[in-house]
Amino acid sequence: MKNIFVVLCFLLFILGTAEKSLSQSKEETLEWFGKLKFGMFIHWGVYSEIGRNEWARAHYKMSIEEYQEYVDRFNPVTFNPDEWVDLAKEAGMKYMVFTSKHHDGFCMFDSKLQDYNIMNSSYGKDIVGMLNNACKK
């Protein structure tokens, strides 16, 4: 979904069953999702460098150039997707939803459609891919 202010891509990571959920009908998926009950919603990105929410760039009326300072500093070297998945499982969660692209337009995955993504940052690793792999394990 795309408009002037928001470009969001939500990826649903079902611990161990992501592929199964994608082959179901809408009704089957809704029923299946309703049975899961408890999961984790992860809303995390460059704006965490500011210490504010995902609308920080818009709220503070920052240009792309001003915001680039935070993109350049965003280097989550302690990110450990296996720990995130283990924590979710230990808590009894059955799914994770990760916001892979926020209102700022920055992709937390290796996008082939734009260069404004994690692969072109100091971190240089596909966070979504890493979290997906951890969930599949």
Side-chain angles (χ1 to χ4, degrees):
M1 80 187 117
K2 189 173 183 179
N3 66 33
I4 294 173
F5 302 105
V6 182
V7 179
L8 293 176
C9 296
F10 291 101
L11 282 180
L12 180 61
F13 293 104
I14 309 305
L15 300 177
T17 60
E19 288 79 15
K20 178 183 173 201
S21 68
L22 296 175
S23 66
Q24 296 174 335
S25 71
K26 180 180 176 182
E27 292 76 23
E28 290 171 321
T29 300
L30 288 173
E31 180 182 339
W32 170 77
F33 184 73
K35 290 177 183 175
L36 294 179
K37 306 243 185 250
F38 183 48
M40 182 185 290
F41 190 94
I42 304 166
H43 215 45
W44 172 58
V46 169
Y47 55 85
S48 62
E49 287 294 322
I50 303 170
R52 300 285 186 232
N53 67 28
E54 71 281 356
W55 279 98
R57 186 174 156 242
H59 286 256
Y60 297 114
K61 298 176 176 42
M62 290 182 206
S63 67
I64 290 286
E65 293 77 22
E66 291 172 305
Y67 196 67
Q68 187 62 41
E69 173 187 333
Y70 301 105
V71 172
D72 293 342
R73 282 194 345 218
F74 187 68
N75 190 12
V77 295
T78 61
F79 169 64
N80 185 329
D82 292 323
E83 285 181 1
W84 288 23
V85 171
D86 290 345
L87 177 65
K89 289 176 88 172
E90 286 172 22
M93 295 179 191
K94 303 294 184 198
Y95 65 92
M96 298 172 91
V97 177
F98 184 84
T99 307
S100 59
K101 184 174 182 179
H102 289 86
H103 310 289
D104 59 9
F106 187 81
C107 297
M108 299 288 277
F109 58 96
D110 185 8
S111 173
K112 304 297 183 226
L113 301 175
Q114 69 176 47
D115 292 332
Y116 198 52
N117 66 68
I118 195 72
M119 300 307 289
N120 297 313
S121 72
S122 300
Y123 189 62
K125 297 176 189 170
D126 184 347
I127 287 175
V128 172
M130 294 166 64
L131 188 56
N132 182 42
N133 291 338
C135 288
K136 287 180 179 179
K137 282 195 268 181

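We number each residue from 1, following the sequence as shown.
For the pair P76 and I127, the minimum side-chain heavy-atom distance is below 4.5 Å. Under the 4.5 Å side-chain criterion, counting only non-hydrogen atoms from C-beta, R57 is in contact with I64. Between E69 and M62 there is no side-chain heavy-atom pair separated by less than 4.5 Å. In this structure, the side chains of V85 and K137 stay at 4.5 Å or more apart for every pair of heavy atoms.
The two residues A56 and I50 make their nearest non-hydrogen contact at CB-CD1, 3.9 Å. Shown here for N117 and F109, the closest heavy-atom pair between the two residues is CB-O, 3.3 Å. In terms of heavy atoms, M108 sits closest to D126 at O-OD1, 3.8 Å.
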For this session: Starting from the C-alpha separation in whole Å, work towards a yes-or-no answer on side chain to side chain contact (heavy atoms under 4.5 Å, CB included) for Y116 and S111.
Result: CA-CA 8 Å; Y116 198 52; S111 173; over 6 Å; no

For this session: Under the ring-ring contact (aromatic ring centres under 6.0 Å, His included) rule, what do F106 and Y47 come out as? Steps first, then yes or no, please.
Result: CA-CA 10 Å; F106 187 81; Y47 55 85; over 10 Å; no

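Linking ILVMFWY residues whenever their side-chain heavy atoms come closer than 4.5 Å, directly or via other members, leaves L113 and M119 in distinct clusters.
Atoms CH2 and CG, on W32 and L30 in that order, are 10.5 Å from each other to the nearest 0.5 Å. To the nearest 0.5 Å, atoms OH (Y95) and NZ (K37) are separated by 10.5 Å. Taking CG of L36 as the start and CE of M93 as the end, the distance is 12.5 Å to the nearest 0.5 Å. In this structure, OG in S48 is found 11.5 Å from NE2 in H43, a value given to the nearest 0.5 Å. Taking NZ of K125 as the start and CG of N75 as the end, the distance is 8.5 Å to the nearest 0.5 Å. Distance check: E31 CD to S25 OG gives 9.0 Å after rounding to the nearest 0.5 Å.
In the model, D104 has a side-chain atom that pairs as donor or acceptor with a side-chain atom of Y67 under 3.5 Å.
Taking the six-membered ring for Trp, W84 and F79 have ring centres closer than 6.0 Å.
Side-chain atoms of E66 never come within 3.5 Å of backbone atoms of Y60 as a donor-acceptor pair (strictly under, hydrogens ignored). No donor-acceptor pair under 3.5 Å is formed between the side chain of T99 and the backbone N or O of H102. One N or O on the side chain of N120 and one on the backbone of D115 form a donor-acceptor pair closer than 3.5 Å.
Shown are I42, N132, I118, V128; of these, the side-chain contact (heavy atoms from CB on, under 4.5 Å) with S100 is made only by V128.
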